[in-house]
Amino acid sequence: MSARAGARTAVDPGRYHESVDDALGPVATSDPVCLYLETTNRCNLLCTTCPRTYADLEPAADMSWELFTRIVDQVPNIARVVLHGVGEPMLVKALPRMVRHLKARGAYVLFNTNGTVLTPRRGRELCDTGLDELRVSLDAADARTFAIVRGKDYFHRIVRNVRAFTEMQRREGLALPRVSLWLTGLKETIAQLSDFVRIARDVGVGEVYLQRLVYFDGDAIGMARPDQALFERLTRDEQQHLDAATELARSLGIAFKASGATEPGESLARKEESSPWSLCRRPWTVMYFTANGRALPCCIAPFSQRGYENYTLGDATQAALRDIWNGPAYQRFRAALHSDAPPKSCASCGLRWSL
């Protein structure tokens with residue numbers, strides 16, 4: 001992306017967020033090592049924890065092939081690419097082509113899906129691309145709770161789809177993509193954690209992730225409210241549910257983890273840092289682009305502050321990535337992150353959100 005940065009040393013794509021040192025200033029001295037590309041902002045669910053259910057964040061769009069290649073071709077040494085944003089990636093016809101293009105460049109590629117359209121044909125297409133990870137956001141352990149949290153009654157369809165996919169992988173000896181089930185931790189769902197682990201076992205998935213709820217601090221939507229969050233406020237009963245699920249997962253050989261390259265208890269625990277936002281490394285490692293080409297600081301920003309205009313850092317349809325990456329908006333954003341007055345979208349975040 002830049003002549004200054006030159007060839008990149010090898011980066012572990014699973015720990016890209018650790019690839020920068022502590023001497024962080026407004027100017028990034030290295031290229032990004034991870035791209036988040038919102039392949040679409042369309043979705044077929046109405047999740048009560050998602051801002052797109054309640055507002056038109058941007059004009060509806062799938063990322064065009066031209067925009068996709070314009071972005072990725074400017075970062076030839078990219079280590080990791082995440083193909084999701086606020087929409088459902090598997091609604092995009094060009095998704096397999098995008099994955100193949102990235103894998104031909106040696107990138108580690110993954111995305112989250114709601115699993116509703118993970119048909120045998122589409123599952124086969126994904127396996128043929130060389131996709132590294134397929135993360136299925138199930139978010140509940142029964143159909144009733146799923147409908148409450150995700151807005152539609154697709155629970156049994158998703159469970160069938162995932163089971164069929166893993167059975168196909170086992171039949172054909174396919175190690176990739178690595179499949180995991182994800183649950184957003186809510187007061188409504190914490191008691192279902194053990195059942196969620198059992199579902200993973202039953203459908204042949206070896207990894208379960210508990211993800212923290214992100215919410216607007218003073219302008220809550222749906223179930224994305226402070227009173228629904230588990231972060232920093234686990235009760236004794238809720239801690240017992242977490243401990244029981246952890247022990248059950250261990251006994252079943254299921255890896256039970258949390259978003260942010262950590263484990264569930266650590267992810268939900270209170271941090272002692274007075275300015276946790278200053279621990280974030282994403283503005284020095286990650287570039288996120290919406291389906292329309294808008295550059296945002298990370299995938300969490302749309303969930304933590306209303307209005308993309310508040311944290312837009314550039315436009316990939318109008319400017320080169322190198323000009324965005326160290327342009328005035330990015331430099332101001334980085335400087336604020338290391339101050340006592342962080343960007344509003346970062347103030348209640350910290351280090352360990354979704355990776």
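Throughout, numbering of the chain's residues begins at 1 and tracks the sequence. Keep in mind it's a predicted model, so treat the numbers as computed, not measured.
Atom CZ of Phe68 sits about 5.0 Å away from atom CH2 of Trp65, to the nearest 0.5 Å. To the nearest 0.5 angstrom, Met98 atom CE is 9.0 Å from Thr69 atom OG1. To the nearest 0.5 Å, the span separating CG on Leu67 from CE on Met63 amounts to 4.5 Å.
In this structure, the side chain of Thr312 engages the main chain of Tyr308 through a donor-acceptor pair within 3.5 Å. Checked by atom type and distance alone, the side chain of Arg334 pairs as donor or acceptor with a backbone atom of Pro283 at under 3.5 Å. Between the side chain of Thr53 and the backbone N or O of Cys47, at least one donor-acceptor pair lies under 3.5 Å. Proximity of a side-chain donor or acceptor of Asn310 to a complementary backbone N or O of Gly307 within less than 3.5 Å is detected. Although no hydrogens or angles enter the test, the distance criterion places a donor-acceptor pair under 3.5 Å between the side chain of Ser304 and the main chain of Ser345. Tyr311 places a side-chain N or O within 3.5 Å of a backbone atom of Gln305 that can act as its donor or acceptor partner. A donor-acceptor pair is defined here as one N or O able to donate and one able to accept, closer than 3.5 Å; no such pair exists between the side chain of His84 and the backbone of Phe111. For Asn41 (side chain) and Pro59 (main-chain N/O), a donor-acceptor pair under 3.5 Å exists by modelled atom type. Side-chain atoms of Thr40 come within 3.5 Å of backbone N or O of Ala61 as a donor-acceptor pair. Remark: the backbone N or O of Val27 is not paired with any side-chain donor or acceptor of Trp284 at under 3.5 angstrom.
Taking each heavy atom of Phe146 and Ile158 in turn, the nearest pair found is CZ-CD1, 3.4 Å. Across all their heavy atoms, Arg294 and Glu309 have their closest contact at NH1-N, 4.1 Å. For the residue pair Ser339 and Ala336, the shortest heavy atom distance occurs at OG-O, 2.7 Å. Minimum interatomic distance between Gln192 and Ala141 (heavy atoms only, all atoms of both residues): OE1-N, 2.7 Å. In terms of heavy atoms, Thr129 sits closest to Pro96 at CG2-O, 3.5 Å.
At a threshold of 4.0 Å, the pair Asp132-Arg80 does not count as salt-bridged, since none of the basic side-chain nitrogens sits closer than that to a carboxylate oxygen. Remark: Asp62 engages Arg42 in a salt bridge, criterion side-chain N to carboxylate O under 4.0 Å. Look at Asp139 and Arg150 and you find a salt bridge, because one of the NZ, NE, NH1 or NH2 atoms lies within 4.0 Å of a carboxylate O, short of that distance. Salt bridge status for Glu125 with Arg122: absent, with no side-chain N to carboxylate O gap under 4.0 Å. A salt bridge between Lys103 and Asp128 is absent, with no side-chain N of the basic residue lying under 4.0 Å from a carboxylate O of the acidic one.
Sorted by first and then second residue, the side-chain hydrogen bond (donor to acceptor under 3.5 Å, both in side chains) pairs involving residues 86-98 (not counting sequence neighbours) are Glu88-Thr113, Glu88-Asn114. Sorted by first and then second residue, the side-chain hydrogen bond (donor to acceptor under 3.5 Å, both in side chains) pairs with a member in residues 158-173 read Arg124-Glu172; sequence neighbours excluded.
Asp315 and Thr317 share a donor-acceptor pair across their side chains, judged by distance under 3.5 Å alone. For the residue pair Tyr36 and Glu38, no side-chain donor N or O sits within less than 3.5 Å of a side-chain acceptor on the partner. With no hydrogens or angles considered, no side-chain donor-acceptor pair links Thr145 and Glu188 at under 3.5 Å. In this model, no donor atom of one side chain and acceptor atom of the other lie less than 3.5 Å apart for Ser180 and Arg135. Trp182 and Thr184 are not linked by any side-chain donor-acceptor pair at a separation below 3.5 angstrom, with hydrogens and angles left out of the test. Side-chain contact annotation: Asn326 with Gln331, donor-acceptor N/O pair under 3.5 Å absent.
The hydrophobic clustering, which links ILVMFWY residues whose side-chain heavy atoms are closer than 4.5 Å, places Leu46 and Leu186 apart. Both Met168 and Val205 belong to a single network of hydrophobic side chains, linked directly or stepwise wherever heavy atoms of I, L, V, M, F, W or Y lie under 4.5 Å apart. With hydrophobic clusters built from ILVMFWY side chains whose heavy atoms lie under 4.5 angstrom apart, Leu174 shares a cluster with Val203. Ile199 and Leu252 fall within a single hydrophobic cluster, where Ile, Leu, Val, Met, Phe, Trp and Tyr side chains are chained together by heavy-atom contacts under 4.5 Å.
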- Query: What's the verdict on side chain to side chain contact (heavy atoms under 4.5 Å, CB included) for Phe165 and Val136, showing C-alpha distance, side-chain angles and the deciding distance?
  - Reply: CA-CA 12 Å; Phe165 183 78; Val136 182; over 6 Å; no

- Could you walk me through whether Val149 and Phe155 pass side chain to side chain contact (heavy atoms under 4.5 Å, CB included), step by step? CA-CA 11 Å; Val149 175; Phe155 178 81; over 6 Å; no

- Tell me, with the steps shown, if Leu337 and Cys346 meet side chain to side chain contact (heavy atoms under 4.5 Å, CB included). CA-CA 8 Å; Leu337 199 62; Cys346 305; 3.8 Å; yes

- Task: Would you check, one step at a time, whether the test side chain to side chain contact (heavy atoms under 4.5 Å, CB included) holds for Cys298 with Tyr288?
- Result: CA-CA 5 Å; Cys298 70; Tyr288 177 109; 5.5 Å; no

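Side-chain contact check for Val286 versus Leu35: every heavy-atom pair is 4.5 Å or farther apart. Using a 4.5 Å heavy-atom cutoff, the side chains of Phe256 and Leu242 are in contact. Contact of the Leu126 side chain with the Leu118 side chain is registered, since non-hydrogen atoms from C-beta on lie closer than 4.5 Å. Side-chain contact check for Glu58 versus Val86: every heavy-atom pair is 4.5 Å or farther apart. Looking only at side-chain heavy atoms (C-beta outward), Glu238 and Lys187 come within less than 4.5 Å of each other. Under the 4.5 Å side-chain criterion, counting only non-hydrogen atoms from C-beta, Tyr108 is not in contact with Cys34. A 4.5 Å side-chain heavy-atom check between Asp195 and Asp142 finds every atom pair outside the cut-off. The side-chain heavy atoms of Leu183 and Leu138, taken from C-beta on, include no pair separated by under 4.5 Å.
With Leu131 as reference, Val109 is the one residue of Val109, Leu102, Leu83 to meet the side-chain contact (heavy atoms from CB on, under 4.5 Å) rule.
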